[in-house]
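Have a look at the structure below, then the notes.
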Amino acid sequence: MTGVLHMGHALNNTIQDLLMRWRRMAGDVTEWICGTDHAGIATQAVVEKDLAAQGISRKELGREEFVRRVWEWREVYGGQIIAQLKRLGCTLDYDRERFTMDEGYARAVQRVFVDLYEKGHVYRDRYMVNWDPGLGSAISDLEVEERETTDKLISIAYPLTDGSGEIVVATVRPETMLGDTGVAVSPADDRYRDLIGKTITLPLVGRELPIVADEHVDPEFGTGALKVTPAHDPADFEIGRRHGLEAINVIGEDGRMTAEAGERYAGLTPAEASKAVVEDLREQGFLRAEEDYTHVVPFSHRSGARVEPLVSLQWFCDMTELAKPAIAAVEDERVRFHPATWGGVYLRWMNEIRPWCLSRQLWWGHQLPVWYRGEEVYVGLDAPEGEGWERDPDVLDTWFSSALWPFATLGWPDPTPELERFYPTQVLSTARDIIFLWVARMVMMGLEYMDDVPFSDVYIHSVVQAPDGRRMSKSLGTGVDPLELIDVHGADALRFGLLMMSSTQDVRFNEERVRQGRQLATKLWNAARLVIDRGGRSLSAAPEARTLADRWIASRVAAAIEESDELLGSFQLSRYAAGMYRLVFDDYCDWYLELLKAGEATPEMAGYVLEQLLALLHPATPFVTEECWARLPGSDGLMATHPPARAPGPRDPGAEDEFALLKEVVTALRAYRSAQDVPSRAELEVSIEADRAVPVSERALAALTRATLRDDPAPGARVVGVGFGRLLVHDPSADPDADRRRIEAAIAEAENELARARRQLANERFIERAPDHLVEAEREKERRYAAELEALRAELGSS
RNA sequence: GGGCAGUUAGCUCAGCGGGAGAGCGCCCGCUUCACACGCGGGAGGUCACUGGUUCAAUCCCAGUACUGCCCACCA
């Protein structure tokens, strides 16, 4: 990695650390290799730019010195990203740091190259490659991006050699006509049938070119005749191979016209040559038309330069045999993608995989283990014996070495204990843009060299976009710096915020989520202070639940533990985060701790539950949970190595139901208060009329809404409807108008609900076909709302 | 040219066959002795559109319209 930690790194590493901490707490032996790749192109570019600023060119320095400078640069900046990961709280194995240019790793890379050569997959060929003139190197198909561009489409007349006429062809790259070696027409095209086998004389050049028939040509497009430039167009290259046409390179690897282009054009840039060729054609009367034309054009993902397709002698790897087992591994789900749709993307690409151009004309990277002497080629781990051998100056595509990551970092090819213990791994977490570049290649290499998949689950996380929906990018100025967010809100906050944003689709970055994370951390901290102050501590065994609140929170914790395990296991990270947030704010703080303050819950349970909450949240927010844990009396060791959260007991539906009654009473009274403007400090007297026992405690009611219970309703009490009956509130000072409005609103709502229930029940097919419990629930609703309506109407009538 | 996603409250996003959810924002009220980075109460969505399946569709199917992404050798 060449740069500083960006948001994508922050998200990915937060996810990985979350999973690592989760499994570590669960008792798994975990290994998260800390390492970086040498990022050949990007790193070389950065160092070259540095040198350029000092007026030094790479060529002046020479290869050896340049590579030494890159290592120096790495000494300075290589550690930067690791320091930043530490700030994020990532628990990698920092002692076992690996780098793709380490000696042992480099040996593994060379070995694989040699082996693939010996097996016949790796070969050297003069073939059409994507040439990046900005970089001065070939790049792979995956490093090319298509951009829509408007060019001039030029029509040129090619006269038949026998003088019987002409063929008009069209091109957006007129300068390439200098390298034309044929003209192709569709075999189905009657217009040209008689011309097949004849020749034309190439304007400006004078070369005689055959007219061939090829299926690739679309008779509908333009004039239906295609100029063939095998050296500078991938399609033409294929046509050329089919018809034995020569490939003449008129554009060189330096991005300029070659001597082959002719004296007049040699040395010009293609753009200059294009102009000159058009001028010359015009003068000589061969130009037929010029029009704007919008199409997609390849650009280098690396340098941004327009890719120059040209024929070049490079090293390739044929992927078809390597892909077969890797396709099978995904088809039979030895490797599973999450979400599964990415498995389909992987398979579509793998099924049409093309040769991989491995060689790069760079200095920073793994130099090819290849030597030449005249026509001889030697491929091997060590330099060949004898005099006169010269080593290939090229290096390997960085992704070639990255593909070996899952086993090369563990010491392969030596049979190390680490390799034995940790291969295959379980989870690979990454963004989708790297599925082909890295994931697919790791699967292929893992199967080839370890005879097993490198990981069983691939989690493809969201791409975090800029807040305005554009790509987050430094050059666009849309980047948001994760380190600044850590400065402002803290690492826990950033981690939590990113988890909240992380789902299966792209999301816009939203700082509110990070703030939410900070609020959670603060809340947890304050809750811990309260609980510790009330005598909460770490206990070796679950305490007895002595109150309804105790039984209820114990049940809630049991449910939350089940839920969080399931969500983390299925990579539903934002749901896990949201669930934790509500557990802490709503259940624990707003209800349970309020009751603790009223003496309706026990400090033992409060302390025990706090410990479990810390354990549940620790994978997401390690810092605050560790800090709270250290302060909890009786705690021992680190939360990082604490066992997973344990429920104080099994789920308790009875307690949950009973507690729901309390909540309903409290919520209804609070709403009454708010609607009637009863100050929150004023005491309310209330009696409960219900069709069942409502064991609401006096103290709970007093603590949660300053209400006291009385056995009989006071005369003139106000009616508040609840699901199980009604509350009668003694409120002599109530404003009758406001109260009537409140009751009318309640009536309207009840009428609505009643009508809905009756409509459902009037549908015979619903009664017939819907599950019994749903029908029964509907009947229950009808009864309840009918009763409530009656009570409210009576109340309205009497007021 | 193919393929894959998405379209849910003002904003950013969850949910997904049985009466729409969160955070923020907005309105009203609270210096309640852990926390104003807080507490309580509210307002606010024909769940893009059109058909279909079903007792029941925001959720399943088909199509349409936008948006985003990936793949692709029509000059």
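Naming convention: chains lettered A, B, ... in sequence-line order (proteins, then strands); numbering from 1 in each chain. As the structure is a prediction and not an experimental result, all values here were calculated from the model.
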Sequence neighbours left out, cut at 3.5 Å: what donor-acceptor pairs do the side chains of residues 218-228 of chain A make with other protein atoms?
unit_1	atom_1	unit_2	atom_2	d
A/D218	OD1	A/E220	N	2.8
A/T223	OG1	A/V168	O	2.4
A/T223	OG1	A/A225	N	3.4
A/K227	NZ	A/T176	OG1	2.8
A/K227	NZ	A/D180	OD1	3.1
A/K227	NZ	A/T229	OG1	3.0

Taking the minimum atom-to-atom distance to the side chain of [X], which one of [options] wins?
X: A/F436; options: B/G41, B/C71, B/A72; answer: B/C71
X: A/D590; options: B/A14, B/A72, B/C39; answer: B/C39
X: A/Q505; options: B/G6, B/C71, B/G18; answer: B/G6
X: A/H295; options: B/A75, B/G68, B/A14; answer: B/A75

Roughly how far apart are [X] [atom1] and [Y] [atom2], rounded to 0.5 Å?
X: A/Q516; Y: A/H489; atom1: CD; atom2: NE2; value: 12.0 Å
X: A/D506; Y: A/S462; atom1: CG; atom2: OG; value: 6.5 Å
X: A/F585; Y: A/M580; atom1: CZ; atom2: CE; value: 13.5 Å

Checklist entry - Taking atom types as modelled and ignoring hydrogens, do the side chains of A/E143 and A/S140 form a donor-acceptor contact shorter than 3.5 angstrom? => result yes
Checklist entry - Side chains of A/Q572 and A/S570: donor-acceptor distance under 3.5 Å anywhere? => result yes
What interatomic distance, in whole Å, is found between [atom1] of [M] and the corresponding atom of [N]?
N: B/C26; M: B/A43; atom1: C1'; value: 8 Å
N: B/A48; M: B/C11; atom1: P; value: 14 Å
N: B/U7; M: B/U58; atom1: P; value: 15 Å
N: B/U8; M: B/C49; atom1: C1'; value: 15 Å
N: B/C60; M: B/G18; atom1: C1'; value: 14 Å
N: B/C47; M: B/A9; atom1: C1'; value: 10 Å
N: B/U67; M: B/C73; atom1: P; value: 26 Å
N: B/G23; M: B/A57; atom1: P; value: 30 Å

Would you kindly give the [atom1]-to-[atom2] distance between [X] and [N], to the nearest whole Å?
X: A/N763; N: B/A56; atom1: CG; atom2: C1'; value: 8 Å
X: A/L593; N: B/G40; atom1: CG; atom2: P; value: 12 Å
X: A/Y588; N: B/C35; atom1: OH; atom2: P; value: 16 Å
X: A/R758; N: B/A56; atom1: CZ; atom2: P; value: 22 Å
X: A/Y576; N: B/A14; atom1: OH; atom2: C1'; value: 17 Å
X: A/D218; N: B/A75; atom1: CG; atom2: P; value: 10 Å
X: A/L596; N: B/U32; atom1: CG; atom2: C1'; value: 15 Å
X: A/E780; N: B/G18; atom1: CD; atom2: P; value: 21 Å

With no hydrogens and no angle check, is any side-chain donor or acceptor of [X] less than 3.5 Å from a backbone partner on [Y]?
X: A/T478; Y: A/S473; answer: yes
X: A/D151; Y: A/Y293; answer: no
X: A/D233; Y: A/D236; answer: yes
X: A/R779; Y: A/L774; answer: no
X: A/T522; Y: A/R518; answer: yes

Item to check | Residue-level proximity of residues 340-356 of chain A to RNA chain B when a heavy atom falls under 4.0 Å | outcome: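 Within residues 340-356 of chain A, the residues near RNA chain B are A/T341, A/R348, A/R354.
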Checklist entry - Among residues 524-535 of chain A, which contact RNA chain B at a heavy-atom distance under 4.0 Å? => result A/N526, A/A527, A/R529, A/L530, A/R534
Item to check | Stems involving RNA chain B, each a run of at least 3 consecutive Watson-Crick or G-U pairs under 3.5 Å | outcome: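 Stem segments, range with range: B:1-7 with B:65-71, B:10-13 with B:21-24, B:26-30 with B:38-42, B:48-52 with B:60-64.
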Side-chain N or O of [X] versus OP1/OP2 of [N]: is the shortest distance under 4.0 Å?
X: A/T171; N: B/A75; value: no
X: A/K597; N: B/A34; value: yes
X: A/H216; N: B/A75; value: no
X: A/K523; N: B/C39; value: yes

Give me, pair by pair, the N or O atoms of the protein and of nucleotides 20-30 of chain B that are less than 3.5 Å apart, along with how far apart they are.
unit_1	atom_1	unit_2	atom_2	d
B/G23	O2'	A/Q516	OE1	3.3

With sugar-phosphate meaning primed atoms plus P, OP1 and OP2, does [X] contact a base, only sugar-phosphate, or nothing at under 4.0 Å between heavy atoms?
X: A/P309; result: nothing
X: A/R508; result: sugar-phosphate
X: A/V217; result: base
X: A/T667; result: sugar-phosphate
X: A/T229; result: nothing
X: A/F509; result: nothing
X: A/E220; result: nothing
X: A/E594; result: base
X: A/Y592; result: nothing

Checklist entry - Are A/D468 and A/R508 close enough, and set up right, to give a salt bridge (charged side-chain N to carboxylate O under 4.0 Å, His left out), and what steps lead you there? => result CA-CA 7 Å; A/D468 62 6; A/R508 296 179 182 205; over 6 Å; no
Checklist entry - Are A/H338 and A/Y459 close enough, and set up right, to give a ring pair (Phe, Tyr, Trp, His ring centres under 6.0 Å), and what steps lead you there? => result CA-CA 5 Å; A/H338 309 271; A/Y459 175 56; 7.5 Å; no
Checklist outcome for this item: Only residue of A/D735, A/D739, A/D731 satisfying salt bridge (charged side-chain N to carboxylate O under 4.0 Å, His left out) with A/R718 is A/D739
Checklist outcome for this item: Applied to residues 573-588 of chain A, the side-chain hydrogen bond (donor to acceptor under 3.5 Å, both in side chains) test, sequence neighbours excluded, yields A/R556-A/D587
Next on the checklist: I'd like to know whether A/F237 forms a ring pair (Phe, Tyr, Trp, His ring centres under 6.0 Å) with A/Y127, so could you lay out the CA-CA distance, the side-chain angles of the two residues, the decisive distance to 0.1 Å, and finally the verdict.
Outcome noted: CA-CA 8 Å; A/F237 182 76; A/Y127 203 81; 5.0 Å; yes
Checklist entry - Is it the case that A/R441 places NZ or CZ above or below the six-membered ring of A/W356, under 6.0 angstrom from the centre and within 45 degrees of the axis? => result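 Yes, a cation-pi geometry.
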